[in-house]
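Note sheet for the following structure.
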Amino acid sequence: MKFFIDTANVEAIRKAHERGMVDGVTTNPSLVAKEGKDFRKIVDEIASFVTGPISLEAVSEDAEGMMKEARELNSWIDNAAIKIPMTWEGLKVVKQCADEGIQTNVTLCFSANQALLAAKAGASFVSPFIGRLDDVGHTGMELIESIAQIYVNYGFETEIIVASIRHPIHVYEAALIGADIATIPPAVLDKMVNHPLTDIGIQKFLDDWKKVPKK
Ligand code: G3P
């Protein structure tokens, strides 16, 4: 299972990278805005140590504008995956990017049919937003199972990125399903490490170690 880190915070990505947790990075306009830094500078910093795909989002609404952005963003680094929203205009860009060898990540995917269209258009990745589906009373993880089944049925090579992950159970369930990739916010990664019994166990070993006679 590949882990992408869902943030534009370079230090958080570095921390996860030093522990072998970074197979790629996903950003979006909201995550970039939080950093209050120049986008290009952020991207260059991330790309200085991350070799896996780095998702960078196009923000134009028409195909022509998105395509121009896709070519520009793709020229910044060797490992860009251009995030394209799941719209008819977006699908045109996905197809064109596939023809030009530019990696794409179709974002804001909320249904299996949308994921089917993304794969048909030649997307490298598709990002179903499971947390946002849970928010409106749907079971986001069921969508991952459906998309995975459809992609297997027809041999699509588009990789599924489980996105909008909100807590460790999302990662656990995605892993049980066998999802290709989970894009994980740093705070969720931190929660996955922690267990109270680990802390209690460490404290007990440290306390007992003090009782061992030292020559
Ligand atoms: O990368 C996009 C996605 O993960 C957004 O998550 O929490 O804003 O729904 P969220």
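Worth saying up front: this structure is predicted, and the values here are computed from it rather than measured. All residue numbers in this chain count up from 1 along the given sequence.
The cluster map of Ile, Leu, Val, Met, Phe, Trp and Tyr, joined by side-chain heavy atoms under 4.5 Å apart, puts L117 and I161 in different clusters. Cluster annotation: F129 is not connected to F125 through the hydrophobic network of ILVMFWY side chains, with a link wherever side-chain heavy atoms come within less than 4.5 Å. Two different hydrophobic clusters hold I181 and I144 under the rule that ILVMFWY side chains link at heavy-atom gaps under 4.5 Å. Linking Ile, Leu, Val, Met, Phe, Trp and Tyr residues whenever their side-chain heavy atoms come within less than 4.5 Å places V93 and L108 in a single cluster. No chain of hydrophobic side-chain contacts below 4.5 Å, direct or via other Ile, Leu, Val, Met, Phe, Trp or Tyr residues, connects I13 to L31.
By the 4.5 Å heavy-atom criterion applied to side chains, V188 and R166 are not counted as neighbours. Between P29 and V59 there is a side-chain heavy-atom pair separated by less than 4.5 Å. Residues I46 and V43 form no side-chain contact, since every pair of their non-hydrogen atoms from C-beta on lies 4.5 Å or further apart. Within the 4.5 Å cutoff, the side chain of C97 has no heavy atoms near those of the R71 side chain. Residues F3 and L189 form a side-chain contact, since some pair of their non-hydrogen atoms from C-beta on lies under 4.5 Å apart. A 4.5 Å side-chain heavy-atom check between I169 and M141 finds every atom pair outside the cut-off. With a 4.5 Å cut-off on side-chain heavy atoms, N28 and T107 do not count as touching. Proximity of P128 to I147: side-chain heavy atoms (C-beta onward) are separated by under 4.5 Å at one or more points.
Here K41 pairs with E45 in a salt bridge; the nearest charged N to carboxylate O distance falls below 4.0 Å. Look at K204 and D207 and you find no salt bridge, because none of the NZ, NE, NH1 or NH2 atoms lies under 4.0 Å from a carboxylate O.
Closest non-hydrogen pair, K15 versus R19, comes out as O-NH1, 2.9 Å. The nearest pair of heavy atoms linking A80 to L73 is CB-O, 4.1 Å. Of all heavy-atom pairs spanning S111 and L143, the tightest one is C-CD1, 3.5 Å.
The CD atom of E69 lies 9.5 Å from the CD atom of E57; values are rounded to the nearest 0.5 Å.
A donor-acceptor pair under 3.5 Å is absent between the side-chain atoms of T26 and the main chain of T183, judged by distance alone. Between the S124 side chain and the N105 main chain, no donor and acceptor come within less than 3.5 Å of each other. With hydrogens and angles disregarded, no donor-acceptor distance shorter than 3.5 Å links the side chain of D6 to the backbone of A163. Under the 3.5 Å distance criterion, the side-chain polar atoms of D134 are matched with a main-chain donor or acceptor of G140.
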Check: residues 82-92 side-chain donor-acceptor pairs under 3.5 Å, at least two apart:
{"from": "K83", "atom 1": "NZ", "to": "T27", "atom 2": "O", "distance (Å)": "3.1"}
{"from": "T87", "atom 1": "OG1", "to": "G90", "atom 2": "N", "distance (Å)": "2.8"}
{"from": "E89", "atom 1": "OE1", "to": "A63", "atom 2": "N", "distance (Å)": "2.7"}

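Heavy-atom contacts from other residues, nucleotides or ligands closer than 6.0 Å to CD of E100 number more than 12. Surrounding CG of D78 are at most 12 heavy atoms belonging to other residues, nucleotides or ligands under 6.0 Å away.
Cation-pi geometry between R14 and F49 is satisfied (NZ or CZ under 6.0 Å from the ring centre, within 45° of the ring normal).
Note on ring orientation: taking the six-membered ring where Trp is involved, the planes of H167 and H170 are parallel (angle under 30°, cut-offs 30° and 60°).
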